[in-house]
Amino acid sequence: MALEGSMRTLSRLLAAALAAAATLLVPATAHAAPVTGRPVRIMPLGDSITWGEGSSTTSSYRADLWQRLTGGAGLAVDYVGSARSGSLPDTDNEGHSGWRIDQIIASVDGWLATARPDVVLLHIGTNDMNQNYEVASAPARLGTLLDRIHAGAPSAVVLVAQIVPALDATIDARVDSFNAAVPPVLASRAYARLVDLNTTITTADMRDTLHPGDAGYTKMADLWYAALEAELGGGRDWPLLRTGLEPGETATTWTDTAEAAVNVGGYQANLAGMETGPRAETSRGGANALMYSGNDLSASGSYSYMRVFDTHLRLSAASVLTYWIYPQQANGTYVAVDLSFTDGTSLRDSGAADQYGVRAHPQFQGEGGRLAVNRWNLVRVNLGALAGRTVDRVHLGYDQPAGTGPFRGYVDDLAVTGSTRQAADPAAAVNLALKHPATASPACAPAEDAARAADGATAGNSKWCTGTSGATWQTDLGAATTVRTVVVRHASSGGEQNAWNTRAYRIQTSTDATTWTTFATVTANADGITTTTAPPATARHVRLVIDAGQQDGGPTARIYEVEVYSA
């Protein structure tokens, strides 16, 4: 067993080395052709893993990926393929149980001609390894398949997986050899990009010898999603994790659960230790926030790191952690969001710093003097130096080497994003429209009035809805300021169908709410989240003018949030 483990480790290291070498050799990654006014066509292509064998709903990775792309990134997406499987809004795929690479080659021309994909997600080779079918020439067959895909869909980007492991040691040795040979196959094919779906999939993630279970498919979805940022991100907000703790948003995995704690008791005498959990008490936006509390019992060193979210987030050079924190006393400033990585390291020990240069460690956050008591404070940490690492858990930590006493506070609007739109100035990352007065054309219902589009929530049907032709929505920012970016969250960002996303609208600005200047005009939109950056405008008032509501031309517009930023 020791020898087998050593060989497996050596094989993984070889694969990683080859992948790194390929990264240096491959020309700049080709991006998917611009898509305007229609969903992005994505073809999930492969064998039974793509189809969903081992998944409790036969949805494979496709259901979780769909949710991330539509609800997270706000993209309009159309899965394409001749097969149907799973429980999700769009079951199309090109997954074929038991098929090898050569069998996919024999049929791929027709599939591509019919589907015309913008992106292909290719996971293939498992059956070649399982059947021990001409294993040595499998990488060459993969190259032939990639060339056929490129010939049939020349504008498409192909994301090529290093395939998931097998539980059988003999088969898995073949998998490792095949995966090690994949990067050189891609080195001369600029339209193809490597995605490692193997390294972080464990035996616990597998349903049987060859197929992941639901947890494994979720990991696959996370990794595909992170890889798609480079192709479909286009500077848009690309949240790997985003939550305001509202119903329908990402919920905490654990409540009041310590990863490690020393000398920290409960805020009240009847509590054994530090607490963390959603509460509807104080929030920055919406109704809920993550409450934390405890009692520091020792002046010689105390800490408590609480588990909050179980995740699988692959960081990129553009990844950023942001959250808002509301400490209720000085001790409460010695608190920070911490990330635990699959390689055993953590954010707190990485040396990464926030926008003020203060280390992203609870102790240093408290000592840094930047967190004001009884006020919401933004903390933003650039994670680019940690690119390639995978976040395994999100913790909330208290850590203070000296001082004693109780501490309490809240954390809200936590996100790990891959956006290239992050502001250099922390003040510029503030949504200037949040909870500011808003007026609008008549609403569809009393509970869907103008204020709902500025309350910081997209869950729970918190939207402004109107069926008035040429409807307008506007907000008073309270003072003249510089406006550079406006984010509009449409129907699908709140869980409604893509067909209801606003098709065309204008953004206007004004200093006096009388004379208006067009800031931007958006036409042929299909996405659920749109980000518009234009030359800076000085404005106190921002107005949204609906030119076309639903995708089918109907007048109804459903706006879940209008966010205004100075960067």
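Predicted, not measured: the structure shown is a model, and the values here were computed from it.
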Under a 3.5 Å threshold, yes or no: a donor from one side chain and an acceptor from the other, between [X] and [Y]?
| X | Y | answer |
| --- | --- | --- |
| Thr533 | Thr485 | yes |
| Tyr191 | Arg193 | no |
| His490 | Thr530 | yes |
| Gln355 | Arg380 | no |

Kindly say whether [Y] contributes a backbone atom to a donor-acceptor pair with the side chain of [X] at under 3.5 angstrom?
| X | Y | answer |
| --- | --- | --- |
| Thr311 | Val391 | yes |
| His395 | Gly397 | no |
| Thr70 | Trp66 | yes |
| Asp527 | Ile529 | no |
| Asn331 | Thr404 | yes |
| Asn501 | Ser492 | yes |
| Asn263 | Gly301 | yes |
| Gln162 | Leu194 | no |
| Thr475 | Leu477 | no |
| Asn288 | Gly244 | no |

Measure the shortest side-chain to side-chain distance between [X] and [Y] over non-hydrogen atoms and say whether it is less than 4.5 angstrom.
| X | Y | answer |
| --- | --- | --- |
| Thr282 | Met291 | no |
| Trp464 | Val562 | no |
| Leu121 | Val119 | yes |
| Glu367 | Pro401 | yes |
| Asn377 | Arg370 | no |
| Ser316 | Glu229 | yes |
| Leu290 | Thr252 | yes |
| Ile559 | Lys463 | no |

Quick one: [atom1] on [X] to [atom2] on [Y], what's the gap to the nearest 0.5 Å?
| X | Y | atom1 | atom2 | result |
| --- | --- | --- | --- | --- |
| Arg375 | Ile325 | CZ | CD1 | 12.5 Å |
| Leu313 | Phe341 | CG | CZ | 9.5 Å |
| Asn431 | Glu563 | CG | CD | 5.0 Å |
| Leu241 | Glu249 | CG | CD | 10.5 Å |
| His541 | Ser510 | NE2 | OG | 5.5 Å |
| Leu321 | Leu414 | CG | CG | 6.0 Å |

For a quick test of reading the model, state the closest non-hydrogen atom pair linking [X] to [Y] and the distance between them.
| X | Y | answer |
| --- | --- | --- |
| Thr390 | Thr200 | OG1-CG2, 4.3 Å |
| Tyr565 | Val430 | CD2-O, 3.4 Å |
| Arg68 | Leu240 | NH1-O, 2.7 Å |
| Ala76 | Ala526 | CB-O, 3.2 Å |
| Ile201 | Met220 | CD1-CG, 4.4 Å |
| His436 | Asp476 | ND1-O, 3.2 Å |

* Can you check whether Tyr334 and Phe407 have ring centres sitting under 6.0 Å from each other? ->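 Between Phe407 and Tyr334, which both carry aromatic rings, the centre distance is not below 6.0 Å.
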
* Asked: Taking the six-membered ring of Tyr305, is NZ or CZ of Arg348 closer than 6.0 Å to its centre and within 45° of its axis?
  ->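 Geometry flag: set, cation within 6.0 Å and 45°.
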
* Asked: Where does the angle between the aromatic ring planes of Trp238 and Tyr225 fall among parallel (under 30°), tilted (30 to 60°) and perpendicular (over 60°)?
  ->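 It falls in the parallel class, under 30°.
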
* Evaluate the side chain to side chain contact (heavy atoms under 4.5 Å, CB included) criterion for residues Asp310 and Trp254: first the C-alpha distance (whole Å), next the side-chain angles of each, then the deciding distance (0.1 Å), finally the verdict. => CA-CA 8 Å; Asp310 187 14; Trp254 296 284; 3.6 Å; yes

* **Test side chain to side chain contact (heavy atoms under 4.5 Å, CB included) applied to Ile42 and Leu69, step by step** => CA-CA 11 Å; Ile42 299 177; Leu69 289 170; 3.8 Å; yes

* To do: Mind running side chain to side chain contact (heavy atoms under 4.5 Å, CB included) on Val542 and Leu432 for me, showing each step along the way?
  => CA-CA 10 Å; Val542 175; Leu432 303 175; over 6 Å; no

* Which of these passes salt bridge (charged side-chain N to carboxylate O under 4.0 Å, His left out) with Lys219: Asp196, Asp205, Asp392? ->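 It is Asp205, the one option of Asp196, Asp205, Asp392 that forms the salt bridge (charged side-chain N to carboxylate O under 4.0 Å, His left out) with Lys219.
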
* To do: Any chance you could lay out the side chain to side chain contact (heavy atoms under 4.5 Å, CB included) test for Thr243 and Phe309, step after step, and finish with the verdict?
  => CA-CA 11 Å; Thr243 184; Phe309 298 101; 3.6 Å; yes

* **Worked verdict on Thr218 versus Asp64 for side chain to side chain donor-acceptor pair (under 3.5 Å)** => CA-CA 6 Å; Thr218 295; Asp64 286 334; 2.7 Å; yes

* **Residue from Asp296, Asp399, Asn295 passing side chain to side chain donor-acceptor pair (under 3.5 Å) with Ser302** =>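 Option passing the side chain to side chain donor-acceptor pair (under 3.5 Å) with Ser302: Asp296.
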
